[in-house]
Number of protein chains: 2
Amino acid sequence: MIGEIIAIGDELTSGRIINTTSGFAARQLFAAGHEIVAMHTIGDTPALIGEALKRAIRRADFVIVTGGLGATSDDLTNEAVSKALNRPPTLHRGILNKIRARLRGGTGDQALLEKLAWLPQGAEVLNAESRMAGYLLVDDATPIFFLPGVPAQMKELMVEHVLPCLAGWSTDKRHHFRQRVYRTFGLGENMINEYLRHMEKTPQLKIGYYPVDSEVHVSLTVTGRDAGEADALFAEADSTITALLGGFLYGCDQETLASVVGSLLLQQNRWLGVAESCTGGLLAGKITETAGSSQWFAGGVVAYSNFLKEQLLDVDSSLLAEHGAVSAPVARAMAEGIQRRAGVEVAIGVTGIAGPSGGTDKKPVGTVFFGLCIGSTVTDQQYTFSGNRREIQEISAQTALDLVRRAL
Amino acid sequence: MIGEIIAIGDELTSGRIINTTSGFAARQLFAAGHEIVAMHTIGDTPALIGEALKRAIRRADFVIVTGGLGATSDDLTNEAVSKALNRPPTLHRGILNKIRARLRGGTGDQALLEKLAWLPQGAEVLNAESRMAGYLLVDDATPIFFLPGVPAQMKELMVEHVLPCLAGWSTDKRHHFRQRVYRTFGLGENMINEYLRHMEKTPQLKIGYYPVDSEVHVSLTVTGRDAGEADALFAEADSTITALLGGFLYGCDQETLASVVGSLLLQQNRWLGVAESCTGGLLAGKITETAGSSQWFAGGVVAYSNFLKEQLLDVDSSLLAEHGAVSAPVARAMAEGIQRRAGVEVAIGVTGIAGPSGGTDKKPVGTVFFGLCIGSTVTDQQYTFSGNRREIQEISAQTALDLVRRAL
């Protein structure tokens with residue numbers, strides 16, 4: 001189906017916040033076989049919102065509208081929709097009761113929050129359980145999905161409600177889709193494109209390349225005339241991609257480097273400890289973001305100062321004096337220190353120069369050393385990354401996880 | 001002036017690339033006192049490009065168009081503009097000569113590259129020196145700027161050519177703008193809206209409310225007929241907002257909780273150490289994301305296991321047995337442990353249940369204890385947060401920073 005996306009909010013048109021939700025929606029819809037022909041970003045001005053909406057309904061098979069559904073006075077989407085589509089605000093008792101139940105004993109202006117319960121006539125609430133409910137409106141046989149602008153809420157609704165609804169809506173029942181996202185680390189987008197480009201010639205295969213922070217994700221969408229054809233094409237393409245990406249492919253779909261490392265450690269009944277300098281907690285943060293990580297992650301030390309490297313990781317002061325804090329021997333000593341202190345079998349140490357200052361001719365900004373202990377085996381690696389401070393920290397933390405993954 | 005922005009490219013409407021250039025342009029224009037009422041992203045389809053362009057010219061005082069100016073077959077902006085505005089392609093000899101000079105001895109399809117020299121009639125090249133020249137077209141007295149879609153080139157042209165040109169262009173000399181963003185933590189968007197809503201009645205003030213992760217940012221835009229009026233209105237609104245937000249206001253514009261904590265520590269010549277359990281490195285990560293944090297942050301321990309709490313933070317095993325790892329006495333002991341081990345004056349300990357499992361009736365998921373040491377004074381706080389695992393970790397890390405900020 002052909003769609004348009006409208007994002008609403010002065011915070012977007014003033015450039016204060018970069019609109020990431022429209023791109024996310026477009027990517028998901030594209031992968032599901034839909035085509036987005038235009039995306040609009042409109043400020044909090046009801047007349048312009050209404051105009052954009054009416055024009056999109058005329059042109060597209062479906063419309064996604066994000067933002068402006070909240071309770072504050074600058075949230076004007078519902079008002080604009082009511083006026084533009086001639087659908088007076090209607091009270092949704094279910095939402096109202098939920099708001100009242102939540103407010104009981106709490107603070108907040110009841111009248112303000114009850115604004116959330118008034119939706120344009122005909123609105124079907126998508127997720128009654130959520131604090132901010134998205135809704136579906138069908139106008140002129142065109143489904144219009146209204147979603148919150150908060151990225152996390154919008155993305156959840158998009159994946160769990162909008163895509164299944166559109167899949168059922170589609171009159172194009174002739175096609176069967178199979179999809180998978182391949183997550184890679186360590187290989188550039190152009191290189192992956194070269195490896196896989198020959199597959200793009202097969203008309204039933206659609207391949208997308210998406211850099212996500214320091215990773216590249218590859219999406220495969222297979223279209224078959226029936227389930228059997230789709231399954232067969234998918235199996236073949238899947239094994240080709242898996243073979244071509246090799247060790248750079250660390251997981252599929254929702255897996256992360258940390259979750260894959262965790263699965264390997266659990267299988268092998270081993271525990272992990274980390275000693276961080278330049279990543280400053282980001283590595284531990286990536287690990288503990290994973291639910292259940294307390295089953296395989298003992299903890300770590302963020303040894304930003306030399307004093308803490310000596311004090312908590314037993315790094316010898318002579319080592320620091322001789323080689324400097326950013327060096328292979330110190331990275332190894334950090335890993336050995338946390339391995340011993342935390343009583344774990346697997347340990348990694350990271351020390352480097354994230355910038356913006358601190359670089360030298362011999363060790364420019366981006367120089368990072370890794371020390372890895374697996375049992376009694378200690379190894380080290382040196383990398384030179386480019387990017388700003390946060391990018392260097394990000395790729396360093398990812399590299400640490402990838403080194404552990406490959407060693408396991 | 002009132003403007004619209006049009007970004008062109010299938011890579012944007014398919015979500016393969018997130019559009020960051022429109023947001024950049026909007027932010028620059030907003031800061032220069034212009035108002036962007038709508039931004040559009042259109043695929044490489046000449047008819048849709050032309051339609052969007054004509055509509056924007058009717059509505060806006062100026063238009064920015066980015067993308068589709070290159071030499072490959074999917075670059076269709078010039079073709080669309082020629083047709084929509086009835087301005088036949090015209091050869092620019094200067095550009096042609098530059099391309100030929102560059103091609104001499106080089107590779108590349110000459111015919112393809114010479115496509116760059118054909119611009120819609122009336123186009124004034126903005127930067128003849130560059131490889132891909134942006135241009136200005138004036139239609140119906142409306143300036144339209146055509147810029148390359150490559151972010152670095154677009155941004156350079158925006159700052160060096162578009163903004164100065166618009167500043168000279170503007171016939172609307174009547175308005176002067178003043179702006180500020182107020183960053184708050186600990187107060188809901190609705191509550192802030194209630195505090196400030198009375199100010200929205202003043203027509204010269206525009207106030208926006210933006211939840212960003214666990215924070216709420218408030219933007220103030222003041223419009224005055226002259227610089228004096230703008231300054232006076234701004235000073236009054238600024239002091240009202242600052243007073244109403246009180247201790248919840250932690251900083252303005254680009255400041256973060258971590259950068260504000262860092263400034264306070266630097267001023268007082270004190271060092272910080274952190275001991276994390278449930279935030280698992282996220283707190284240290286937020287701190288070390290700040291450039292220069294090595295001047296006030298010694299480091300920390302991510303003590304995920306009880307063993308590490310004893311081993312690296314000297315938390316007494318009897319304390320863990322008696323009160324459990326998630327308790328006020330353990331939070332205090334963690335803070336005291338890192339304070340002593342890192343030799344710092346300011347230390348904070350965080351222990352809690354981020355979920356999804358691990359909660360009990362007495363200590364449900366979201367229960368978090370904080371222990372804070374400032375010199376020899378030790379205090380503790382208990383909070384119960386809601387949200388998923390990552391949201392609880394996020395708000396816990398922010399709360400830790402805010403507790404340090406308020407104590408300093």
Side-chain angles (χ1 to χ4, degrees), chain A residues 10-11 13-20 23-27 30 36-43 45 48 70-74 107-109 112-113 150 208-210 280-285 287-289 291 294 297-305 307-308 311-312 341-343 356 389-390, chain B residues 13-16 18-20 22-28 30 36-43 45 48 181 188-191 193-194 197 200 208-211 219 280-285 287-289 291 294 297-305 307-308 311-312 341-343 356 389-390 393:
Chain A
D10 279 346
E11 74 276 19
T13 51
S14 67
R16 234 173 46 68
I17 287 179
I18 292 288
N19 176 6
T20 58
F24 175 86
R27 195 157 58 242
F30 183 75
I36 297 299
V37 289
M39 308 194 281
H40 312 278
T41 306
I42 313 283
T45 310
L48 289 175
T72 55
S73 46
D74 58 350
T107 56
D109 183 339
L112 201 64
L113 280 170
V150 179
Y209 308 87
Y210 311 111
L282 186 64
L283 171 55
I287 290 167
T288 56
E289 194 175 353
S294 59
F297 180 60
V301 167
V302 181
Y304 228 49
S305 64
F307 178 68
L308 266 196
Q311 176 69 21
L312 294 182
R341 289 290 192 109
R389 179 180 178 84
R390 196 57 183 179
Chain B
T13 52
S14 68
R16 220 170 56 64
I18 292 286
N19 176 6
T20 57
S22 293
F24 175 86
R27 196 160 51 245
Q28 299 287 329
F30 184 73
I36 297 299
V37 290
M39 307 195 280
H40 312 278
T41 306
I42 313 282
T45 311
L48 288 176
V181 174
E189 185 186 4
N190 296 330
M191 196 63 94
N193 190 198
E194 260 185 70
R197 200 186 309 165
E200 296 173 14
Y209 308 87
Y210 311 111
S219 74
L282 185 64
L283 171 56
I287 290 167
T288 56
E289 195 174 351
S294 59
F297 179 60
V301 166
V302 181
Y304 228 49
S305 66
F307 178 68
L308 266 196
Q311 176 68 21
L312 294 181
R341 289 288 192 110
R389 180 179 178 83
R390 196 56 184 178
Q393 291 181 323

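Just so we're on the same page: letters track the sequence lines, and every chain starts at 1. Basis for what follows: all heavy atoms, side chains included, without hydrogens, waters or symmetry-related copies.
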- Looking at A:Gly300, A:Gly23, A:Ala291, which one has more heavy-atom pairs under 4.5 Å with chain B than the rest? A:Gly300

- Query: Between B:Arg341 and chain A, which part of the residue has a heavy atom less than 4.5 Å away: side chain, backbone, both or neither?
  - Reply: both

- Item | Interface moiety of A:Tyr304 toward chain B, non-hydrogen atoms closer than 4.5 Å | both

- So which part of B:Glu200 gets closer than 4.5 Å to some heavy atom of chain A, the side chain, the backbone, both or neither? side chain

- Rounded to the nearest 0.5 angstrom, the OG-CZ distance for A:Ser73 and B:Arg197 is 6.0 Å

- Taking all non-hydrogen atoms of both residues into account, name the closest pair between A:Leu308 and B:Gly299 and its distance. CD1-CA, 3.5 Å

- chain B shares the most heavy-atom pairs under 4.5 Å, among A:Gly343, A:Gly43, A:Ala38, with A:Ala38

- Task: Determine the option with the most heavy-atom pairs under 4.5 angstrom with chain B, choosing from A:His40, A:Gln311, A:Arg389.
- Result: A:Arg389

- Query: Partners of B:Ala298 by side-chain contact (heavy atoms from CB on, under 4.5 Å), sequence neighbours excluded?
  - Reply: A:Ser305, B:Trp271, B:Ala342, B:Val344

- Closest heavy-atom pair, A:Gly281 versus B:Ala284, reported as atoms and distance to 0.1 Å, is CA-CB, 4.1 Å

- Item | Top contributor to chain B contacts, counting heavy-atom pairs under 4.5 Å, from A:Ile36, A:Thr45, A:Leu283, A:Thr13 | A:Thr13

- Which atoms of B:Ile42 approach chain A - backbone, side chain, both or neither, heavy atom under 4.5 Å: both

- Message: Using a 4.5 angstrom heavy-atom cutoff, name the option from A:Leu282, A:Leu48, A:Ile287, A:Thr20 with the most pairs to chain B.
- Response: A:Leu48

- Query: Out of curiosity, A:Ile17 CD1 to B:Arg27 CZ, how far, rounded to the nearest 0.5 Å?
  - Reply: 10.5 Å

- Item | For B:Ser22, side-chain contact (heavy atoms from CB on, under 4.5 Å) partners two or more places apart | B:Ile5, B:Ala7, B:Asn19, B:Met39

- With a 4.5 Å cut-off on heavy-atom pairs, point out which of A:Val301, A:Asp10, A:Thr72, A:Asp74 contacts chain B the most. A:Thr72

- Query: Which region of B:Gln393, side chain (C-beta onward) or backbone (N, CA, C, O), has a non-hydrogen atom less than 4.5 Å from a non-hydrogen atom of chain A, or is it both or neither?
  - Reply: side chain

- Of the non-hydrogen atoms in B:Phe297 and A:Val302, which two are nearest, and what is the gap between them? CE2-CG1, 4.1 Å

